[in-house]
Amino acid sequence: MSEKLAIPGRVKEISSLSNPIVKDLRLLEKKRHREDTNRFVAEGMKLVIDALDLGWSLDTLIYAASKRGDAKIGGLAAKALAKGADILIVPEKVLGAITRRDNPQMVVGVFKRRFAKASAVTDGSGDVWVALDRVRDPGNLGTVIRTIDAVGAKGVILIGDTTDPFSPETVRATMGSIFGVNIIRMAAEDFASFANTWSGRIVGTHMAGETDFRNVDYGGGPTILLMGNEQQGLTDALVEACTDVVRIPQAGRADSLNLAVATAICLYEAKRESLALEPIG
Ligand code: SAM
């Protein structure tokens with residue numbers, strides 16, 4: 001673990017890319033380092049503020065030296081310090097190196113990863129969860145997490161070997177929703193046992209499903225919407241765990257819908273009864 005982490009609440013100014021603290025932060029691009037240190041990077045001031053408000057643990061707040069004196073960033077830094085985070089003030093080239101961006105955000109947060117336990121999967125009437133079988137694409141996972149947040153579903157269950165929800169690509173694609181939904185990991189066998197105890201529906205989506213996805217009674221209780229891998233679809237074992245196997249009708253030449261698009265279509269159907277427009281303003 002890096003030397004700075006042992007001393008909470010320190011403010012440092014660093015300009016060199018070869019500084020060990022900067023090297024350590026740059027390594028968070030790698031899954032192994034995120035796992036070893038239990039941290040990940042999220043970019044943008046609004047995201048960092050929202051994450052703090054939602055109780056996420058901030059390890060380090062990094063901001064551009066050019067923004068020194070900015071009242072809003074100063075306020076955020078004071079809040080971060082009070083919560084025990086370290087503060088790094090760096091030139092934009094260092095921010096760019098940490099985030100691998102040509103035009104980096106001026107504020108970046110390094111947070112502790114957070115996974116919920118299987119026991120956190122709530123089964124209240126109207127609760128909707130999404131389970132993803134071996135999702136591979138970070139953009140798909142990020143978009144699914146964003147959509148789960150948007151419709152007020154509860155969270156995502158990642159089944160088997162999946163792409164990392166805390167990779168920079170996924171976090172970016174969530175647009176901040178990574179902080180608003182529960183993320184649970186399960187081996188395929190554990191999901192099968194869990195399914196036996198689940199009181200609600202498990203609606204699997206499949207290219208060979210015989211039920212139209214609009215003909216399921218989603219209003220009757222909690223629902224898990226189970227989505228297949230991008231290349232292979234759902235495994236037979238997971239299909240076995242479903243109470244319903246549905247298909248989204250298609251008319252053109254496309255073999256299938258994109259995973260995140262299919263998830264969004266089904267989520268809106270599952271939430272149809274409870275989602276209503278609120279007046280603007
Ligand atoms: N070649 C894969 C197959 O045959 O299952 C296609 C997988 S598709 C890109 C990824 C996932 O999105 C599917 O496993 C399913 O969960 C969902 N999906 C996409 N289009 C769908 C459709 N028309 N009906 C039901 N599910 C669909």
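Just follow the structure's listing: the first ligand is 1, and inside any ligand the first atom is 1. Hydrogens, waters and symmetry mates play no part in the numbers below; they use all other heavy atoms, side chains included.
Residue pairs meeting the side-chain hydrogen bond (donor to acceptor under 3.5 Å, both in side chains) criterion with at least one partner in residues 247-260, sequence neighbours excluded, are Asn140-Asn258.
In this structure a side-chain-to-backbone donor-acceptor pair under 3.5 Å is present from Ser16 to Ser18.
Among Leu257, Leu238, Val245, Ile248, the residue whose heavy atom lies closest to atom 19 (C) of ligand 1 is Leu257. Among Thr263, Thr205, Asn140, the residue whose heavy atom lies closest to atom 16 (O) of ligand 1 is Thr205.
Protein heavy atom nearest atom 27 (C) of ligand 1, with residue, atom name and distance: Met207 SD, 3.8 Å. Remark: minimum distance from atom 5 (O) of ligand 1 to any protein heavy atom is reached at Gly233 CA, 3.3 Å. Of the protein's non-hydrogen atoms, the one nearest atom 23 (N) of ligand 1 is Gln250 OE1, 2.8 Å. Nearest non-hydrogen protein atom to atom 11 (C) of ligand 1 is Gly228 O, 3.6 Å.
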N/O donor to acceptor pairs below 3.5 angstrom from side-chain atoms of residues 261-269, sequence neighbours left out:
unit_1, atom_1, unit_2, atom_2, d
Thr263, OG1, Leu259, O, 2.7
Glu269, OE1, Arg272, NE, 3.3
Glu269, OE1, Arg272, NH2, 2.9
Glu269, OE2, Arg272, NE, 3.3

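For the pair Gln231 and ligand 1, the shortest N or O to N or O distance falls below 3.5 Å. Considering backbone and side-chain atoms alike, Glu230 places every N or O at 3.5 Å or more from each N or O of ligand 1. Considering backbone and side-chain atoms together, Ser256 places no N or O closer than 3.5 Å to any N or O of ligand 1.
A salt bridge between Lys79 and Asp53 is present, with a side-chain N of the basic residue lying under 4.0 Å from a carboxylate O of the acidic one.
Heavy atoms of Asn229 approach ligand 1 to within less than 4.0 angstrom.
Ring-plane geometry between Phe166 and Phe40 is classed as tilted, the angle between the planes lying from 30 to 60 degrees on a 0 to 90 degree scale.
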